[in-house]
Amino acid sequence: MQRTHDCGSLRPEHAGQTVSLAGWVNSYRDHGGVIFIDLRDRKGVTQIVFHPQQAEAHSLAQTLRHEDVIWVKGTCLRREAGMENPRLPTGGIEVRTAELKLLNKSQTPPFTPDEAGKVNEERRLEYRYIDLRRPRMQEILSVRHRAAKVIRDYFDEQGFLEIETPFLCRSTPEGARDFLVPSRVIPGSFYALPQSPQLYKQVLMASGCEKYVQLVRCFRDEDPRADRVAEFTQLDLEMSFVEQEEVMAVAEGMARRVWKDVLGVDVPAIPRMSYKDAMERYGSDKPDLRFGMEFVDVSDLAGQTDFKVFRGALDAKGTVRAIRVPGGGKLTRKQTDELSEWIKQFGVGGLPMVKIEGGKLATGVAKFLESIKDALIQRLGAAEGDLIVFGVGSPAMTVFKALGALRLRLAQELDLIPAGLWKWLWVVDFPAMEWNPDEKRWDSLHHPFTAPLDEDLSKLEADTGAVRSKAYDLVLNGSEVGGGSIRIHSPEVQKRVFALLGIDEQAAVAKFGFLLDALKFGAPPHGGLAFGFDRLIMHIVGTTNIRDVIAFPKTATGADLMTAAPSPVEEAQLKELSLRVALPQKPVKAAPPA
RNA sequence: GAGGGCGUAGCUCAAUUGGUUAGAGCACUGGACUGUCGAUCCAGAGGUUGCGGGUUCGAGCCCCGUCGCCCUCGCCA
């Protein structure tokens, strides 16, 4: 089938040429005599005109409806003055048809690509092939492709090898819940789909590959968020004979290259912030630096008041932190009550607050703060019309996290986040381990193979919580787009870390003996990083919904609404796998009283 | 596992305090129309109000359960 052009390329300079196009009927306007069709393909929309003189084509054109697939041949004509459509790149021309072929009649579609932007996501996912016909979705797919290409070119130039790692892996109990795949050949045994190629890429370093990279699908059977799904794509990399700075430099170079080549935006040198600073100043290990609203420690001032809420938190070795909310004074009582209720889910008791009105503290807990009023206003730099909110409680980390969530919510609702900014940040010096009060043991913050900082090695056992690691996260506009670490390559240090994590030697050998073996036989020092590829694309195309950047995404329950996966399987399939399904019995509910 | 929101025609939505035959726009069908580009005009068809139960003289609306989708907490080394 001959196509001389696509639907986005004809311009007045093509006038007079015989052209042929193919695509979908985006809309039709039948005037009884002349008929107009807006023909759409991946590249754009072109107006096709049918005149009654071409009787055969014209009568067929009368039957055309939304999403019919057609081929046309005709003459490209410059539109007469006043009849151009400035909203179409091809609006200066139209194609007067001599010949029309109906390639495939469409049933009436549940919605048209034009409408898809307004249709429920559920419906869009069910008819994804119609949704994806939208120019916007085509653009996203195209950007995703280009970003992947740029990334591969970049790493190729840097001497990396793209090496595939297995999808059918050994299950490890650490980390996220695994998706399991039963083995037919070994009944009762299971593979796990990879949460990331972490262990394999370390083994690749022991294998002498030196520089590994992979765009790879990862699977985590955990509940989703707006920017998180069970099945996602990582840009995974690992390097031998490197320290933290070299890995960060390579990753930063990639970000710079992608932003430059795809968006035409320069990424400046990316600043650093310690985990401790990030938590204490922004209540997040991925602070959004596009706006201020930093936390201010006002524990000392709070201690001078008689306010029981403040005193109680301080007596419990907690903290009192304040945020100045610019223009927050306009929030109504109803709105502030709602915030106060909402913040309780983060483990603090409520949200004391005051407004600045007429140079004075007003409403809320103002009466308790009279004695510290001037110091408070001065320290926060508060101005007329501002709101000051207090994070109060213990431990301090709980307060930080609650205020961190509040800071984001208020900034969004009060429209304090400037558009068009790219605020990159490296968060470094993460704690190596975190005390898990429920299990009464230390947990890795990153993973058990993360190397502690050399200067903290000596206090590994004595002051475990204070040990920092060679881990680094790359944050963009408050979202974690990448993270990695230098790995432990010394069996000695690895043994000490496992001991602290409560993983005895036997368990360690059982879980990842192959990696420990690999480290024993001459593994080079190595480290790496993984980018959330979907999230990078989200930032580039400007969406907050990760499903927008995935061609065939799954829903919150892991369902594919188009294919209706997951689904029950034939009894014979289960039998072959030596599996039996044991659904939980539904509890019998007592009949309601009459 | 928990909380919140949503579910009415193919699509997007409306429906007064629980009250007549559940409406509108778009799409669809038929007709008119030779320059539109959200074409216009006339006419028509289209409903298990997600599903199941209950309360009531009467339920789209109230109650219980259930299914699906979205957001959040937990979870995500």
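Within every chain, numbering begins at 1; the chains are lettered A, B, ... in the order of the sequence lines, protein sequences first and strands thereafter.
- Across all strands shown, F36(A) has heavy atoms under 4.0 Å from base atoms, whether or not it also approaches the sugar-phosphate.
- Here R547(A) lies in heavy-atom contact (under 4.0 Å) with sugar-phosphate atoms only.
- The separation between E121(A) atom CD and G7(B) atom C1' is 15 Å, rounded to whole Å.
- Taking atom CG on L88(A) and atom P on A39(B), their separation rounds to 12 Å, with Å as the unit.
- Distance, R409(A) CZ to G4(B) C1': 11 Å, rounded to whole Å.
- Distance noted for atom C1' between G52(B) and C11(B): 27 Å (whole Å).
- Taking the P atom of each, C61(B) and G53(B) are spaced 14 Å apart, rounded to whole Å.
- Rounded to whole Å, the separation between the P atoms of U16(B) and C62(B) comes to 11 Å.
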Test side chain to side chain donor-acceptor pair (under 3.5 Å) applied to S196(A) and Q234(A), step by step: CA-CA 8 Å; S196(A) 81; Q234(A) 274 189 353; 4.6 Å; no
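- Using a 4.0 Å heavy-atom distance criterion, L445(A) is classed as a sugar-phosphate-only contact.
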Audit row: Q62(A), I35(A), side chain to side chain contact (heavy atoms under 4.5 Å, CB included) steps and yes/no: CA-CA 7 Å; Q62(A) 285 177 319; I35(A) 297 172; 3.4 Å; yes
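- Nearest-nucleotide positions on RNA chain B place R123(A) closer to the 5' end than the other of R123(A) and W342(A).
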Collect all protein-nucleotide pairs involving nucleotides 42-47 of chain B in which both atoms are nitrogen or oxygen and the distance is under 3.5 Å.
none

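- Rounded to the nearest 0.5 angstrom, T398(A) OG1 and L403(A) CG are separated by 11.0 Å.
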Contact state string [nucleotides 23-34 of chain B, B base, S sugar-phosphate only, - no protein heavy atom under 4.0 Å]: ---SSSS---BB
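- Residue whose closest nucleotide on RNA chain B sits further toward the 5' end, between E222(A) and T544(A): T544(A).
- Taking atom CD1 of I37(A) as the reference point, atom C1' of G35(B) lies 14 Å away to the nearest angstrom.
- Ion pairing between D227(A) and R535(A) holds under the 4.0 Å rule for side-chain N and carboxylate O.
- As judged by a 4.0 angstrom heavy-atom cut-off over every strand, A559(A) is placed among residues touching the sugar-phosphate backbone only.
- Just one residue in the list Q214(A), Q198(A), K201(A) forms a side-chain hydrogen bond (donor to acceptor under 3.5 Å, both in side chains) with T165(A), and that residue is Q214(A).
- Look at the C1' atom in both G68(B) and A32(B): the space between them is 44 Å, to the nearest Å.
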Chi angles and distances behind the side chain to side chain contact (heavy atoms under 4.5 Å, CB included) call for I417(A), Q412(A): CA-CA 7 Å; I417(A) 306 178; Q412(A) 277 160 16; 3.9 Å; yes
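- Base pairing annotation: C75(B) forms no Watson-Crick or G-U wobble pair, as no partner gives both donor-acceptor distances under 3.5 Å.
- U12(B) atom P lies 10 Å from atom CD of E122(A), rounded to whole Å.
- For R228(A), counting side-chain heavy atoms from C-beta on, the closest listed nucleotide (C73(B), G74(B), U36(B)) is G74(B).
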